[in-house]
2 protein chains.
Amino acid sequence: MCDTCHGLEHGHGHGTGHGEGRGDCHCKLSGKVERFIQPCLLLSLLQHSSHGYELLERLSGFRFYPGAPDTGAVYRHLRRLENGGYVESHWETGDAGPAKRIYSITPDGQDMLEAWIEEFRDRKSAMEDFIEKYERSSR
Amino acid sequence: MCDTCHGLEHGHGHGTGHGEGRGDCHCKLSGKVERFIQPCLLLSLLQHSSHGYELLERLSGFRFYPGAPDTGAVYRHLRRLENGGYVESHWETGDAGPAKRIYSITPDGQDMLEAWIEEFRDRKSAMEDFIEKYERSSR
DNA sequence: TTTTTCTATCTGATAGTAGCATATAGGGCA
DNA sequence: TGCCCTATATGCTACTATCAGATAGAAAAA
């Protein structure tokens, strides 16, 4: 159990410093992935700060989401990331329309994104191996 | 809902022929992945027929499973695949030890595996895009 | 002015999965 | 007799995804 897996309910911190917290957790070992919402949110926020409704649209730009991702999931993951300290937010009531909660990525969030990138490289090569194995077997 | 997602409970078939059934199902659209157990089982069985306990060990050879995959999950997925017609089995009581249920891949199963390969290619390139996007953003 | 629509955030309910533990049972061996 | 290994299978719980709906401000249409 760690904040990466389900930080919404148990906010018991994520280690003693940056870049930790992905070691003893089974979510790392077993490859649990939470549908890529979190890394996509983090990368979007690295590009520029944004609010949920806008992130919802920007997420469609990632090829993991051919259709629009679920509204509830996006807001819940943002909250979860905030509880873990990976993003932070403030309310913006200035301009037109309802108030927006603007999210920004934190240094911890940047570390987490970097860990995701590493994970993606691993997965990518595991898939390459799989495909190669298949081609050797079916040929 | 389709057999790819959860064919254990609802055995309502998978379309009218081979290679179908991955179209209207949300599991395809949203990228649900079921931990790669099913494709790994299918590829293992393509290489040669085998029983659950042996497959359990062979699954560790895939880089998706750094540790041993869950026993229960493997047997349940095998049952699920059999209900969908993607694998078939017979009991083997001949040699030493308890009886083994030997599984083999069916033509439908081979089609399913091929669909998985396509999915993996998609995912792989989606991850490459993601990584590239990250590198452009952080540079 | 009233209603509808769009933006925006958030919650509730349900179905399905992963992971862990446990149950069952045959066979070898000490 | 008791213990370990092989082999299959089920029960339970925590968690996730998905769908649906609630809330609410503001603009546009009627």
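Proteins get letters first, then strands, A, B, ... in listed order; numbering begins at 1 in each.
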From CG of Leu59(B) across to C1' of dA18(C) the rounded distance in Å is 14 Å
*Side-chain contact, heavy-atom cut-off 4.5 Å: Arg101(A) with Glu82(A)?*
yes
Of Thr71(B) and Trp91(A), the one whose nearest nucleotide on DNA chain C sits closer to the 5' end is Trp91(A)
Nearest heavy-atom approach of Glu54(B) to His48(B) is OE1-CE1, 3.9 Å
Whole-Å distance, Asp70(A) CG to dG12(C) P, equals 15 Å
Taken to the nearest whole Å, CD1/Ile102(B) to P/dT6(D) is 16 Å
To the nearest angstrom, the CG-P distance between Leu55(A) and dA8(C) comes to 11 Å
Between CZ of Phe36(A) and C1' of dT16(D) the distance, given in whole Å, is 14 Å
Testing dT8(D), dA25(C), dA17(D) for proximity to the side chain of Tyr53(B), the answer is dT8(D)
Rounded to whole Å, the CZ-C1' distance (Arg80(B) to dT17(C)) equals 8 Å
Leu78(A) atom CG is separated from dA17(D) atom C1', nearest whole Å, by 16 Å
Is the positively charged end of Lys133(B) above the ring of Phe62(A), judged by distance under 6.0 angstrom from the centroid and angle within 45° of the axis?
yes
| message | Quick check on the 6.0 Å ring-centre criterion: do Tyr75(A) and Tyr103(A) meet it? | response | no
Tyr75(B) atom OH is separated from dA18(C) atom P, nearest whole Å, by 17 Å
Taken to the nearest 0.5 Å, the spacing of Arg63(B) CZ from Arg123(A) CZ works out to 11.5 Å
- OP1, OP2 of dC10(C) versus side-chain N and O of Arg79(A): anything below 4.0 Å? yes
Side-chain atoms of Tyr103(B) come closest, of dA9(D), dG25(D), dT9(C), to dA9(D)
Side-chain N or O of His77(A) versus OP1/OP2 of dA17(D): is the shortest distance under 4.0 Å? yes
- Query: Is there a donor and acceptor pair, one atom on the side chain of Arg76(A) and one on the base of dG12(C), closer than 3.5 Å?
  - Reply: yes
Ranking dG25(D), dA7(D), dA9(D) by distance to the side chain of Lys100(B), first place goes to dA7(D)
Residue pair Ala73(A)/Ala99(A) against DNA chain D: nearer the 5' end by closest nucleotide is Ala73(A)
